[in-house]
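Since the structure comes first, as structure tokens, the remarks are kept for the end.
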Amino acid sequence: MSKINLTLKVWRQKNGREKGGFETYTAKDIDTDMSFLEMLDVVNEQLTHEGKEPIAFDHDCREGVCGMCGAVINGQAHGPLKGTTLCQLHMRNFRNGETLVIEPWRSRGFPILKDLVVDRSAFDRIIAAGGYISVKTGQAPDAHAVPVRKEDSDTAFDAAACIGCGACVAACPNASAMLFTAAKVSHLSHLPQGQVEAPERVIKMVEQMDKERFGNCSNEYECEAACPKEISVEHIARMNSEYRQAKWKAKH
Amino acid sequence: MGSLSTYFTSSVGRKQIVAVTGLLLILFVIGHLAGNLLIFLGPEAFNNYAKKLAGLRPGLYLVEVGLCFVFVVHFFVTGVLVYENYLARNTQYGVNAAKGQRSWATRLMPYTGTLLLVFVVYHLLDFTFIDKHGHRSILADGNSYGLYGVVVNAFADPGHSTFYIAAMMALGLHLSHGVESFIQTFGFNHPRYTPMIKTFSHIFALVISFAYSSIPVYILLNYPKVP
Ligand code: HEM
Ligand code: FES
């Protein structure tokens with residue numbers, strides 16, 4: 001077990017209306033086996049002792065499955081490692097004496113609430129617009145009642161790995177939400193249960209995404225690189241073609 | 001909800017308009033290059049080709065108006081998208097660092113595109129809306145060589161050639177992203193073929209920009225004994 005010292009430049013912002021700015025803190029004697037969030041906990045403890053406001057950040061499971069955590073570290077969403085959420089990023093990936101600039105996701109679609117916490121309810125509204133299937137409630141159906149092609153179930157599963165953290169938006173040079181929306185569209189449209197509502201789904205979800213004032217995709221693929229679940233931009237291509245076909249075939 | 005009008009206002013729909021117009025422009029770029037390369041066959045072949053093209057009027061006007069329309073749509077729609085993208089990141093990061101393979105060609109799309117627009121206007125004033133048998137068509141031997149002479153005289157000037165070559169490098173950069181990008185935007189992505197398409201996109205861009213540039217380079221190196 002070794003310990004490191006770091007300089008942190010953290011974005012501090014009281015609320016959505018006030019201007020924010022960077023504050024510098026030192027993180028002393030950080031155990032390299034700690035996660036990034038545990039490191040922030042240590043810093044917050046110290047800030048509390050000093051009578052200062054601790055740094056607000058989102059988190060929940062701390063095991064990389066819930067999608068709550070996330071910050072941009074030295075310009076990279078969820079930090080330098082690929083396929084990792086911030087809570088699963090360990091301090092052994094940083095060198096003693098390093099300076100880390102820590103910022104919230106920055107997008108018009110994700111207003112900053114406080115410090116590193118942003119409002120991601122835009123994603124909930126995109127899901128509500130069409131990211132569902134209609135089924136009869138009652139007893140759980142038999143697991144194998146509906147056969148699914150292996151390739152399709154694999155692709156749907158890859159897309160379903162999306163935890164909705166918003167790193168794709170944060171990493172996109174245009175703050176576009178295409179990877180998130182595409183993952184949700186593709187997840188359902190690869191499964192037989194998702195077929196009934198498929199054309200409406202893609203239209204409603206794309207158009208809700210636009211309403212949330214995210215940027216437009218320009219195929220830079222930074223989203224895929226930043227995605228902690230490594231979701232492929234293949235899903236974006238699929239959504240592009242699904243959307244085009246749904247629109248040109250629509251009768252009303 | 002299903003109406004086509006919202007296709008033309010949606011993010012995905014407008015991207016696809018950029019992709020369709022981009023593809024049409026690529027077809028033009030290929031055709032135009034094929035014609036231009038005839039200059040290597042000498043004044044007769046080149047001027048004959050120019051004459052044959054002119055002989056296609058008035059049908060040719062239709063094609064030209066269409067091409068102009070495609071160009072304006074491509075420029076206008078990309079302009080709106082780029083502006084929206086700029087607004088979408090409402091506060092800037094203190095540190096910017098790529099995590100993926102974001103290339104210079106991709107970053108520079110709006111700038112290479114704008115340079116192309118400036119170039120096209122200049123190019124039309126330079127070679128199209130001119131007197132093809134005036135003083136600019138007269139070569140070293142004192143004879144008029146028509147459009148062929150105009151081109152040779154233009155490229156004999158290193159400044160003129162440099163600007164032309166710079167614009168072709170911008171075209172190359174624009175296409176190296178543009179080709180792979182329109183395929184993704186239309187909705188094709190495949191784990192096996194997409195890497196091949198990317199390689200093709202780069203090679204295609206290189207071939208097009210070098211082939212266009214070969215004309216000013218050739219003239220610059222061989223002037224004044226060109227015809
Ligand atoms: C008026 C000059 C031009 C401007 C300002 C311009 C600008 C742009 C921009 C900004 C993009 C990226 C759009 C985005 O990612 O959202 C783009 C894409 C593209 N451009 Fe151009 N361009 C111009 C001329 C051309 C020409 C002459 C060609 C053909 C040789 C061309 C072919 C393409 C292609 C194929 C794309 C990719 C479409 C896609 O992303 O799906 N452009 N252009
Ligand atoms: S806290 Fe749940 S994914 Fe990081």
Side-chain angles (χ1 to χ4, degrees), chain A residues 9 11 20 22 72-78 80 82 101 103 106-109 112 171-176 178 199-200 203-204 206-207 209-210 213-226 232-252, chain B residues 1-20 77-78 80-103 105-107 109-110 177-178 180-191 193-194 197-198 201:
Chain A
K9 289 191 174 157
W11 185 262
F22 287 104
V72 172
I73 316 301
N74 288 346
Q76 294 179 314
H78 288 300
K82 294 239 169 150
V101 180
E103 308 177 62
R106 294 190 187 277
S107 160
R108 189 168 52 167
I112 296 177
C172 175
N174 313 325
S176 162
M178 285 284 275
E200 290 83 5
I203 291 171
K204 285 181 187 162
V206 165
E207 292 176 3
M209 172 186 81
D210 291 348
R213 307 198 306 160
F214 291 109
N216 309 292
C217 179
S218 60
N219 301 334
E220 308 229 17
Y221 309 142
E222 284 296 315
C223 52
E224 180 183 277
S232 165
V233 294
E234 222 180 300
H235 298 292
I236 295 182
R238 187 184 170 87
M239 179 167 78
N240 284 337
S241 96
E242 262 194 53
Y243 180 77
R244 172 169 39 78
Q245 287 172 28
K247 281 309 251 187
W248 287 90
K249 276 186 201 148
K251 297 222 168 57
H252 34 264
Chain B
M1 185 274 291
S3 82
L4 258 188
S5 62
T6 51
Y7 174 83
F8 293 105
T9 52
S10 70
S11 57
V12 174
R14 285 179 300 164
K15 273 291 296 179
Q16 289 174 349
I17 294 168
V18 171
V20 176
V77 178
T78 50
V80 173
L81 291 174
V82 166
Y83 181 62
E84 285 179 5
N85 294 345
Y86 165 76
L87 294 180
R89 172 127 303 131
N90 55 346
T91 60
Q92 296 303 312
Y93 284 115
V95 179
N96 281 291
K99 205 167 174 176
Q101 270 119 40
R102 202 180 170 208
S103 69
T106 358
R107 283 169 210 230
M109 283 309 267
H177 175 69
E180 57 155 303
S181 184
F182 88 75
I183 293 171
Q184 166 83 4
T185 302
F186 275 139
F188 182 83
N189 187 308
H190 185 282
Y193 303 117
T194 296
I197 290 170
K198 285 188 182 170
S201 187

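Only this structure's heavy atoms are used, side chains among them; waters, hydrogens and symmetry mates stay out. Here is how names work: the chains are called A, B, and so on, in the same order as the sequence lines, proteins then strands, and each is numbered from 1.
Both the backbone and the side chain of Q184(B) have a heavy atom closer than 4.5 Å to some heavy atom of chain A. Proximity to chain A (any heavy atom under 4.5 Å) is shown, for Y7(B), by both the backbone and the side chain. Y243(A) touches chain B through its side chain: at least one heavy atom from C-beta onward sits under 4.5 Å away, while N, CA, C and O do not. Contact of I73(A) with chain B is not made at all, since no heavy-atom distance falls under 4.5 Å. For chain A, the nearby part of F8(B) is the side chain; its heavy atoms alone come within less than 4.5 Å.
Side-chain contact between E103(A) and V101(A) is present, with at least one heavy-atom pair separated by less than 4.5 Å. Annotation: side chain of S241(A) is in contact with side chain of R244(A) (closest heavy-atom distance under 4.5 Å). N174(A) is not listed as a side-chain neighbour of R89(B), based on a closest heavy-atom distance of 4.5 Å or more.
Checking T185(B) against N240(A) by side-chain atom types alone, no donor-acceptor pair falls below 3.5 Å. Counting only N and O atoms by type, the side chains of N216(A) and N85(B) include a donor and acceptor under 3.5 Å apart.
When H235(A), E220(A), Q76(A) are compared by the number of non-hydrogen pairs under 4.5 Å with chain B, E220(A) comes out ahead. Chain B forms the most heavy-atom pairs under 4.5 Å with one residue out of A226(A), G215(A), P173(A), and that residue is P173(A). The greatest number of non-hydrogen atom pairs below 4.5 Å with chain A, out of T9(B), T194(B), L87(B), N96(B), is found for L87(B). Most heavy-atom pairs under 4.5 Å with chain B: of the set C172(A), G20(A), S232(A), C223(A), this distinction falls to C172(A). Contact tally against chain B (heavy-atom pairs below 4.5 Å) for V233(A), V206(A), I112(A), I236(A): the top residue is V233(A).
Salt bridge annotation for E224(A)-K99(B): absent, with no cationic side-chain nitrogen under 4.0 angstrom from a carboxylate oxygen.
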Practice prompt. Go through S103(B) and R107(B) one step at a time and tell me if the side-chain contact (heavy atoms from CB on, under 4.5 Å) criterion holds.
Written response: CA-CA 6 Å; S103(B) 69; R107(B) 283 169 210 230; over 6 Å; no
